[in-house]
Amino acid sequence: MFEDSYRRAYDAVSPPQELVADVIAQAREGKSACRKIHTGNRQGRKAAFIAAAAVLCIVTAVPVCAANIPAFYKVVEYLSPELADRLVPIEESCTSQGITMEVEAVSVEGNEARIIVSLRDAEDSTQDLVHGVMDLYGGYGLSGAAVSSNVGGCHFLTYDETDDKAYFQIDVQAETAFESEKLHFSATSVLCGKYSETRDVDLSEVVYAADKKKVVLSGSGGIPDEKLPESLRHIPATPENPRPHSNVLDLRSVTDCAADDFTTTGIAYMDGVLRVQMCMGDNWKSDRHVQLFLKDSDGNERHSEHSVGWHEDVGDTSYQFYEFWFIGEIDDMSEYSMYGIFHDSGELVEGDWNVTFRLQ
C-alpha cells in the first residue's frame, strides 16, 4: 500500500549521499539549500531537483508515515524530537468524565519502567468522584511507537486528601531497553469510592450434610491441589472439557443472590472440612471480594486453606461465586466464630483517558 509505493519511489531515486546530507543539514539551519548546491551542469541540476523533491516528500509524508510506520517515526524522532512531538503531542494530563489523569513520575532501568499516575477531580467538575481508594479497572494499557511493551501490573498506592489525588503505580516491561521512548498510556474505566467493612458470618446456619454440584472453575488458590483431601481435589481438564471442574455445595439457588451485594449461599462441615460459599453478585462492572477469618475460643485466627471460584449466569447477569475451605477437625462448632472483611468497588466510571509522555 503506501509503504510499498513509497519504497518503490524512494528506491528509484539515488542522489549522492553527501548531497542529501547537505540539504538536510542546511534545512536544519534554516538556510536555503539551493544556494549551496552546485548546478554547473544538467546532471547537477537534476540531482538538486531530486534531493529537493525527496525533502519535500519527507515533509509531506511524515504525518502519514509517523502514524503507521514505527521505523519511520524513529528516524523522524532522531532527526528532530521537536517535530516528533508535534506529530504525537506529549499530553501529560487528560480529562474525561470529570476526572483528570496525570503522569507524576517515571523510573526506567533497562527494559523495565515504573510509572506513577494520579487521578483527581477535574477543576470544573461538580462531582466528588475522587475521594479515597480507587482502582483502574478493565481496559488499560501502555504502547510505544518503537518498543513493544506490556503492562506488568497496576496497583493503588494512596489517596492524598490535601491534593485530592489518588496515586497508582504501573509496572511495565518491554522486549528491548527503553531509549528516550515516548509512551502512550490509556484507560477506559475506573472504580471510585472503594470501601471495605468487617461483618460477622453466622456459623449457626452450618449443616453437616449437603448436596454438591459440579462447576467449571474460573480460578482457585491456596495449597496445591495434590495436597488437598481426595474429596476436594479438582476434576482434571479433558479434551471434551478443557477446563478443570470442582464439586461445590448446592444449597441455594443463584436466583436468591443479590446482583449488587454479597450473599452467603451455604455453610457446611463435612469430612473434616468447613465449607463457606458466597456470591459476590455481578462483578463484570464492579470488584467485590471477601477475606474470611475463622476464630477459635482462644482467639486464634486463620484463613482458609484453599478456595475455588466460578460464575453462574442468569439472563444477562453473571454472578461470581467463591467457596472457601477450612481443612481440619472441629469438635464443637459453637466454640468457633467467623468474620470477614468485605471489599466493595463503589461506582464504575467509564471514560477515555489517554496520556502521552516521554521516558527521560
Side-chain angles (χ1 to χ4, degrees), residues 133 135 155 194-237 243-254 256-258 261-283 286-312 318-345:
V133 180
D135 193 11
H155 64 272
K194 294 184 68 175
Y195 66 92
S196 61
E197 62 180 358
T198 300
R199 304 181 192 174
D200 290 330
V201 178
D202 187 4
L203 292 181
S204 66
E205 301 295 323
V206 65
V207 299
Y208 296 90
D211 292 333
K212 291 185 282 187
K213 61 184 177 182
K214 186 169 68 173
V215 297
V216 179
L217 297 182
S218 59
S220 64
I223 63 176
D225 186 65
E226 61 270 17
K227 292 186 178 181
L228 292 172
E230 189 71 30
S231 62
L232 299 180
R233 291 181 184 177
H234 303 164
I235 303 169
R243 296 172 63 184
H245 292 64
S246 185
N247 289 311
V248 298
L249 297 177
D250 187 11
L251 290 173
R252 193 168 176 181
S253 171
V254 63
D256 295 333
C257 298
D261 201 356
F262 301 90
T263 306
T264 301
T265 51
I267 302 177
Y269 180 70
M270 302 184 299
D271 302 321
V273 180
L274 177 63
R275 296 171 175 249
V276 182
Q277 187 183 105
M278 289 191 173
C279 176
M280 310 296 146
D282 187 348
N283 253 359
S286 62
D287 183 21
R288 296 184 197 91
H289 59 279
V290 61
Q291 298 168 274
L292 292 181
F293 300 86
L294 181 64
K295 182 189 294 186
D296 63 20
S297 56
D298 295 326
N300 300 311
E301 298 181 349
R302 65 186 178 100
H303 297 284
S304 61
E305 277 72 33
H306 197 84
S307 65
V308 294
W310 70 97
H311 289 86
E312 296 185 26
S318 182
Y319 295 83
Q320 184 174 35
F321 287 82
Y322 285 101
E323 190 168 290
F324 304 89
W325 299 339
F326 295 83
I327 303 171
E329 294 295 328
I330 297 178
D331 296 326
D332 186 354
M333 191 65 68
S334 64
E335 294 184 356
Y336 287 81
S337 62
M338 179 174 287
Y339 71 93
I341 303 176
F342 293 77
H343 303 268
D344 207 335
S345 58

query = When you look at R199 and D344, which way does the salt bridge (Lys or Arg N to Asp or Glu O under 4.0 Å) test go after all the steps?
reply = CA-CA 13 Å; R199 304 181 192 174; D344 207 335; 5.8 Å; no
message = Walk me through whether M333 and L274 qualify under side-chain contact (heavy atoms from CB on, under 4.5 Å).
response = CA-CA 10 Å; M333 191 65 68; L274 177 63; 4.0 Å; yes
message = I'd like to check W325 versus L228 (side-chain heavy atoms, cut-off strictly below 4.5 Å). Are they in contact?
response =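 Sidechains of L228 and W325: in contact.
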message = A side-chain contact here means heavy atoms from C-beta on lying under 4.5 Å apart; do I267 and M338 qualify?
response =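 No, their side chains stay 4.5 Å or more apart.
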Once ring-ring contact (aromatic ring centres under 6.0 Å, His included) is applied, do any residues pair with [X], and if so which ones, sequence neighbours excluded?
{"X": "F342", "value": "F262"}
{"X": "Y322", "value": "none"}
{"X": "H289", "value": "H343"}
{"X": "Y195", "value": "none"}

query = A210 and L249: which non-hydrogen atoms are nearest, and at how many Å?
reply =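 Looking at all heavy atoms of both residues, the shortest contact is CB-CD2, 4.1 Å.
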request  = Determine the minimum heavy-atom distance between C257 and T263, stating which atoms define it.
outcome  =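 Taking every non-hydrogen atom into account, CA-OG1, 3.8 Å.
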query = Does the pair F324 and S307 meet the rule for a side-chain contact (heavy atoms from CB on, under 4.5 Å), with working shown?
reply = CA-CA 4 Å; F324 304 89; S307 65; 3.8 Å; yes
request  = Output all residues satisfying side-chain contact (heavy atoms from CB on, under 4.5 Å) with S204, sequence neighbours left out; order by chain, then residue number.
outcome  =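 Here the qualifying residues are D202.
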query = Rounded to the nearest 0.5 Å, how far apart are OG of S246 and CG of L232?
reply =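 CG of L232 is found 7.5 Å from OG of S246.
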key: Euclidean distance, Y339 OH relative to Q291 CD, rounded to 0.5 Å   =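 The distance works out to 9.0 Å.
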task = Please test V276 against L294 for side-chain contact (heavy atoms from CB on, under 4.5 Å), starting from the C-alpha separation and ending with a verdict.
result = CA-CA 11 Å; V276 182; L294 181 64; over 6 Å; no
task = Sorted by first residue and then second, give each side-chain hydrogen bond (donor to acceptor under 3.5 Å, both in side chains) pair with at least one member in residues 267-281; sequence neighbours left out.
result =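 side-chain hydrogen bond (donor to acceptor under 3.5 Å, both in side chains) check on residues 267-281 returns T265-Q277, Y269-E329, R275-E323, Q277-E323.
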ask   = Is there any side-chain hydrogen bond (donor to acceptor under 3.5 Å, both in side chains) pair reaching into residues 205-223, and which pairs are they, with sequence neighbours excluded?
value =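 The answer is K213-E312.
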request  = Kindly indicate, with the supporting measurements, whether the criterion ring pair (Phe, Tyr, Trp, His ring centres under 6.0 Å) is fulfilled by F321 and H311.
outcome  = CA-CA 6 Å; F321 287 82; H311 289 86; 8.8 Å; no
key: Name of the residue among L217, V215, V308, I235 meeting side-chain contact (heavy atoms from CB on, under 4.5 Å) with H245   =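 Of the listed options, the one satisfying the test is I235.
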Applying side chain to side chain donor-acceptor pair (under 3.5 Å), name anything that partners [X], two or more places apart in sequence or on another chain.
{"X": "D200", "answer": "none"}
{"X": "D298", "answer": "none"}
{"X": "N247", "answer": "none"}
{"X": "R302", "answer": "E305"}

query = Hey, is the main chain of M280 close enough, under 3.5 Å, to the side chain of R288 for a donor-acceptor pair?
reply =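 Yes; judged by distance alone, with no hydrogens or angles, the pair exists.
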request  = Please list, chain by chain and in numerical order, all residues satisfying salt bridge (charged side-chain N to carboxylate O under 4.0 Å, His left out) with D282, sequence neighbours excluded.
outcome  =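 For D282, no residue satisfies salt bridge (charged side-chain N to carboxylate O under 4.0 Å, His left out) once neighbours in sequence are set aside.
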